[in-house]
Amino acid sequence: MIRVDVRPEPIDVAAELAAHDAGGHGASASFIGRVRGDDGLVELFLDHHPVLTARGLDELATQAAARWRLGALTLIHRVGAMAPGDTIVLVLASSPHRAEALAVTEYLIDRLKTDVMLWKRETFADGRAAWVEQREGDHARAERWD
Amino acid sequence: MIRVDVRPEPIDVAAELAAHDAGGHGASASFIGRVRGDDGLVELFLDHHPVLTARGLDELATQAAARWRLGALTLIHRVGAMAPGDTIVLVLASSPHRAEALAVTEYLIDRLKTDVMLWKRETFADGRAAWVEQREGDHARAERWD
Amino acid sequence: MRIAYFAWVRERMGIAEEAVELPTGIATVGDLVRWLATRDARGARAFAEPHRIRAALGGAMVGADAVIGDAEEVALFPPVTGG
Amino acid sequence: MRIAYFAWVRERMGIAEEAVELPTGIATVGDLVRWLATRDARGARAFAEPHRIRAALGGAMVGADAVIGDAEEVALFPPVTGG
């Protein structure tokens, strides 16, 4: 079962985990990325192009399914305005064996950072707001998989 | 917050996740290992030496905390009789940054396989029961970290 | 044809999208960006640094030399900053 | 002193643990295993292959040459088969 979603609504991790688990899998790995309230950040806004994000996530899921034996995959990305502590992204990957579940989770979270079309704007307690610049480190991590 | 537990009672993943998350962390990775019903397996029994398992898990948690910046770590291993689909082991690792959360999860799950004193007995639908022999593959994976 | 703007390109343009009739001689995405940069003050602000602009045609990423042709939408935006 | 057995060693011994008085001359874990293997039929079954036996003294893994001394517990078991 592959489930991919991009949406402005909050991500209910426990509910997604329960739905993902319904089949029962030998090994499940997950990654949860949350908004960090560093440096007085009060809002993280993610802008996106709906067609490009949906296509990007679908392609990532398809690549992962072609590369590893997957029992189930859940890939949910939130967009729009978020507060510190909110879940931005959830990856749940299950496989009969642990190495695959861990590898696909790491692959997807690395790839998400570079392959999915999202733009971040940070707003701070003092009123400053700025669009985040591209970071080289993300590309270096993602290229390990090529 | 570091939480380590070895116990015969079922592991409630959603409840553990909620407790682990209470602090709010930038990145959380998890691994869930479950009993696989391969080849007609009906019961997995894990025997253990309480002092050795507790010490082994504590040492692993301490090593992980020394090696990576951890916001929180949950490490729970079930012992005793389990049925297919039951959760055997749960690792939840949180860190401000995703690379650490993923690395510590992979480290712990690899190490658990070799460093924690557990003995597996498999019982099958046809009545056969056998203690599992040591596998070389687990040691090869664990040694990558030395 | 429709142009969609994202992130700070949208903020500087002050609109999320607009319908335009391409002037004669505007064939590629690069031509379009150069034209927008000279069309008005907000365009000058949004497209002052063309190397910082990325584009998608019909939902696929393209380079500055991509021919717009009869695409329904050209999307213009900064490099992505990840998930 | 107490001997604790685990996994198939426990099954073959038929007991989880027992209190023993060590005979004179039994100083190390290896001595203990060899003695148990000759003590009775269940010991012969459990300790027929000493290279498949691992041991812990006072909760720490030790080799066959470890001196038992005044340890409260010697644990004897097969190689672990993981988590």
Greatest number of heavy atom pairs closer than 4.5 Å to chain B - which of A/A14, A/P96, A/A101: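 Between A/A14, A/P96, A/A101, the count favours A/P96.
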Between B/S28 and A/R34, which heavy-atom pair has the shortest distance, and what is it?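 So the minimum-distance heavy-atom pair works out to OG-NH1, 2.8 Å.
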Got a second to check how far A/R98's CZ is from B/L112's CG, nearest 0.5 Å?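 Output value for this atom pair is 9.0 Å.
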Return the CG to CG distance between A/L102 and B/L102, rounded to the nearest 0.5 Å.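 That separation rounds to 8.5 Å.
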Interface residue of largest heavy-atom contact number with chain A, from B/A15, B/G37, B/S30, under 4.5 Å: B/S30
Starting from the C-alpha separation in whole Å, work towards a yes-or-no answer on side chain to side chain contact (heavy atoms under 4.5 Å, CB included) for B/H97 and A/R36. CA-CA 10 Å; B/H97 300 283; A/R36 294 204 305 272; 3.1 Å; yes
